Amino acid sequence: MCWSGGREAEGGGLLNRYRVEKPYRGFESLPLRSREARACARLRDKGTGAWRRLGDRGRLTETAARPLSQRRRQAPVPLSRSAQTRALPDPDYLASSMSSLTDSPRVRFAPSPTGYLHVGGARTALFNWLFARKFHGQFLLRIEDTDKARSTDDSTRAIFEGLTWLGLDWDEEVVYQAQGLERHQHDAHALVDRGFAYRCFCTAAELDAQRTAATARGESFRYDRRCDRLSPDRVQQRLSTGDPFVVRFRVPNGTTSWDDVVHGPIAFPNKDIEDFVILRSDATPIYNMAVVSDDIAMAITLVMRGDDHISNTPKQILLYDALGHALPQFAHVPMIHGLDGKKLSKRHGATAVADYRKEGILPSAMVNFLALLGWSPGGDREVMSRDEMIALFSVDGLQKKAAVFDTKKLEWMNGQHLSLTPAAELEPRVTPDVISAGLATADELSERREWYLSLIELLKVRARTVHDIVRQAGPYFPGPLTYDDEAIVKQWKDRAGSHDVLAAVRKCLSELARWDSATMEEALRTIAETRGVAAGKIFQPLRLALTGMTVSPGIFDVLVTMGRDLSLRRIDDAIHFLEVDQHLLT
RNA sequence: GGCGGUAUCGUCUAGGGGACCAGGACGGAGCCCUCUCAAGGCUCAAACACGGGUUCGAAUCCCGUUACCGCUACCA
């Protein structure tokens with residue numbers, strides 16, 4: 001496997017619901033971990049570590065009501081200063097902790113501009129946005145453009161456009177990670193100065209060789225910290241020689257854990273984390289360093305991102321602690337997969353939100369569908385407006401397992417939104433397509449706006465995408481009609497008979513005093529009766545004459561919407577077509 | 001390999017020890033409505049990964065197994 005691709009910051013991923021009382025396995029056995037520790041604060045295992053408040057916002061929050069009783073039971077075991085300080089089961093405490101997650105929250109969406117905005121990223125953004133809007137906090141946007149080789153302005157633009165189309169508006173100025181370079185470096189150097197990190201002079205080639213050798217031996221490779229054992233003099237010497245170096249974080253002994261808003265307690269033994277690089281030899285920061293530095297600078301209170309970042313989290317927590325900063329809450333949402341259960345990729349067809357926009361999906365439907373991938377308001381609610389989703393949103397409804405992107409359901413959802421959305425709101429989405437399809441000009445549409453809206457109203461019910469509406473709309477505009485071949489075979493099989501029927505219908509309709517549904521229905525059904533045939537034998541040939549297709553809205557709605565002049569003209573055209581065609585055949 | 005995460009119909013999910021021979025939705029099959037197609041209404045098929053526990057009682061709690069996913073980089 002090659003690594004040329006690289007990942008995409010935190011633009012992907014999804015989530016899960018978290019249950020407070022679901023203890024996670026092994027929880028009890030971990031040193032500092034006790035339910036109460038979880039309730040009070042996250043523990044730090046590093047040597048220096050004093051406890052830091054943190055767990056105060058998090059999972060107990062919204063679900064505090066239920067866990068309360070349990071918590072009360074399991075309270076004991078304190079020992080840590082902080083645990084003792086906090087009267088645990090105190091309702092007031094719980095109340096305050098409940099508010100911290102949702103009290104003026106600041107969340108962010110942090111994609112890397114290395115491609116289009118894909119549905120996974122869009123959903124992560126959506127969850128963050130819903131959370132911010134629900135709890136009246138801020139939703140920030142940070143472009144992680146530190147990988148200059150892969151970042152492009154086009155990608156950044158695509159992210160803006162995608163979010164804007166979805167209606168996910170962000171607060172404050174967009175933050176570009178690359179512009180925080182000096183702060184990143186400052187923070188990294190501060191860690192060196194304070195003894196939390198050290199310079200490593202090993203070259204990438206040396207490390208690769210060691211890694212390869214270890215792999216060959218069937219062992220897993222972990223940096224052996226050889227440079228951490230360099231004497232100060234030796235370090236100075238190499239520094240003065242100008243030897244290139246990276247900065248590595250010195251991972252302390254112990255265990256790093258946090259109470260994930262979605263997953264509950266998660267713990268990583270520090271021995272499994274190697275001394276990771278935080279500054280490259282060119283002095284640019286590595287992802288984890290930049291993210292932590294930025295999230296602190298942006299005062300982020302809840303980091304909600306794809307669960308592919310779970311294993312980055314302990315490193316970041318270590319960084320927060322070393323930097324002496326309180327932790328934000330972490331919520332890791334599940335990924336989105338394709339129908340085959342594999343990570344969503346181009347193989348699965350459209351994965352960019354822009355693709356769905358092109359395919360005639362409404363943003364409201366896309367947002368609704370995406371929200372349901374990894375989140376549920378509980379019960380049977382499915383079709384929801386943006387405001388309803390905001391009102392209903394809760395981290396309790398977040399899912400833990402990956403969701404499969406099912407285009408069929410998206411289309412159904414879009415059909416629902418199409419039906420529910422007033423024509424006047426649909427009009428701006430439909431009009432560009434109507435115009436580009438050459439059906440009418442913008443002026444013509446605005447001149448007949450009322451009629452145009454009634455046409456959209458008529459067609460939207462049986463449409464699943466905006467394109468379906470446009471496709472059906474053609475016949476109602478003056479342009480020439482093309483008869484569907486199969487429809488001709490089916491409905492005009494008896495050409496002479498069809499000609500005869502249409503002529504009768506034409507005569508009848510043209511003599512009508514009023515062009516309304518009831519009048520026409522009575523007249524046409526009379527024709528059927530007179531001829532002793534089923535009404536369908538009249539309606540179907542007529543439908544083909546009017547629309548060129550075998551399917552359309554109810555025939556009287558078609559006649560009314562199409563109007564007297566156009567309808568009669570279309571019937572004349574059909575009659576003419578049948579005459580000419582007959583001559584050709586005979 | 002190591003570490004971490006996850007596991008209810010094909011898919012999205014409800015479910016928080018008894019209300020579950022597991023509910024809703026998409027998709028599928030069929031019926032109704034009906035001038036066609038949608039929409040709508042109704043019906044059917046379809047799931048608690050497996051194995052042990054705990055309990056009077058487990059889809060729900062615990063342990064293990066299996067499977068899948070993620071991370072394991074001077075990418076993000």
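To find a chain, count down the sequence lines: A is the first, B the second, and so on, and within it residues start at 1. Small disclaimer: the values here were computed from a predicted structure and weren't measured.
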May I ask you to check if R248(A) and Y198(A) form a cation-pi contact, with NZ or CZ under 6.0 angstrom from the six-membered ring centre and within 45° of the axis?
-> no
Here the residues of residues 212-225 of chain A within 4.0 Å heavy-atom distance, strictly under, of RNA chain B are S220(A)
What is the pairing partner of A39(B), taking Watson-Crick or G-U wobble pairs with both distances under 3.5 Å in any strand?
-> none
Could E486(A) and K490(A) be called an ion pair, given the rule that one side-chain N must be under 4.0 Å from one carboxylate O?
-> no
Out of C12(B), G5(B), C26(B), which nucleotide sits closest to the side chain of I310(A)?
-> G5(B)
Evaluate the ring planes of F276(A) and F249(A), with Trp represented by its six-membered ring, and classify them as parallel (under 30°), tilted (30 to 60°) or perpendicular (over 60°).
-> parallel
So what does E144(A) hit on the nucleic acid, given a heavy-atom distance under 4.0 Å: a base, only sugar-phosphate, or nothing?
-> sugar-phosphate
Watson-Crick or G-U wobble partner of C33(B), both distances under 3.5 Å | none
Listed partners of E457(A) passing salt bridge (Lys or Arg N to Asp or Glu O under 4.0 Å), at least two apart | K460(A)
Hey, could you give me each pair passing side-chain hydrogen bond (donor to acceptor under 3.5 Å, both in side chains) that has a residue in residues 539-551 of chain A? Not counting sequence neighbours.
-> Q540(A)-R543(A), R543(A)-S552(A)
Using Watson-Crick geometry (N1-N3 plus N6-O4 or O6-N4) or G-U wobble (N1-O2, O6-N3), each under 3.5 Å, C44(B) is paired with G28(B)
Of C74(B), C26(B), C12(B), the nucleotide closest to the side chain of L207(A) is C74(B)
Partner nucleotide, any strand, of C68(B) [Watson-Crick/G-U, under 3.5 Å] | G5(B)
Reckon V277(A) touches a base, only the sugar-phosphate, or nothing at all at heavy-atom distances under 4.0 Å?
-> sugar-phosphate
Could you check which nucleotide pairs with A14(B) in any of the strands shown, counting Watson-Crick or G-U wobble with both distances under 3.5 Å?
-> none
Before giving the answer on salt bridge (charged side-chain N to carboxylate O under 4.0 Å, His left out), spell out for K409(A) and E382(A) the whole-Å C-alpha distance, their side-chain angles and the decisive distance to 0.1 Å.
-> CA-CA 11 Å; K409(A) 187 151 187 176; E382(A) 292 216 295; 3.0 Å; yes
Under 4.0 Å between a Lys/Arg side-chain N and an Asp/Glu carboxylate O for D224(A) and R226(A)?
-> yes
Any strand, both distances under 3.5 Å, Watson-Crick or G-U wobble: U54(B) pairs with none
N/O contacts under 3.5 Å, protein versus nucleotides 19-21 of chain B?
none

Is it the case that R142(A) places NZ or CZ above or below the six-membered ring of F109(A), under 6.0 angstrom from the centre and within 45 degrees of the axis?
-> no
Is A73(B) paired to anything, Watson-Crick or G-U wobble with both distances less than 3.5 Å, and if yes, which nucleotide?
-> none
Reading nucleotides 31-43 of chain B 5' to 3', which nucleotides get B (base under 4.0 Å from a protein heavy atom), which S (sugar-phosphate only), which -?
-> ----BBBBSS---
Quick note, H263(A) side chain, CB onward, closest among C3(B), G5(B), C12(B) is G5(B)
Could you check whether D468(A) gets within reach of a base, just the sugar-phosphate, or nothing at all, counting any heavy atom under 4.0 Å?
-> nothing
Taking the side chain of D380(A) as heavy atoms from C-beta outward, which of C26(B), G23(B), C3(B) is closest to it?
-> G23(B)
Within the structure shown, what part of the strands sits under 4.0 Å from R381(A) by heavy-atom distance: base, sugar-phosphate, or nothing?
-> nothing
Taking only residues two or more places apart in sequence, or in another chain, which ones meet F405(A) in a ring pair (Phe, Tyr, Trp, His ring centres under 6.0 Å)?
-> Y356(A), F369(A)
Among the nucleotides C12(B), C3(B), U13(B), whichever has the atom closest to the side chain of S376(A) is U13(B)
Residue V404(A), side-chain heavy atoms: nucleotide from C12(B), C26(B), G70(B) that is nearest = C12(B)
Does E10(A) come within less than 4.0 Å of R305(A), counting only side-chain N to carboxylate O?
-> yes
Please work out if T146(A) contacts a base, only the sugar-phosphate, or nothing of the nucleic acid, heavy-atom cut-off 4.0 Å.
-> sugar-phosphate
Residue A204(A), side-chain heavy atoms: nucleotide from G5(B), U11(B), C74(B) that is nearest = C74(B)
Nucleotide nearest R248(A) (side chain, heavy atoms from C-beta), chosen from U13(B), C74(B), G10(B) = C74(B)
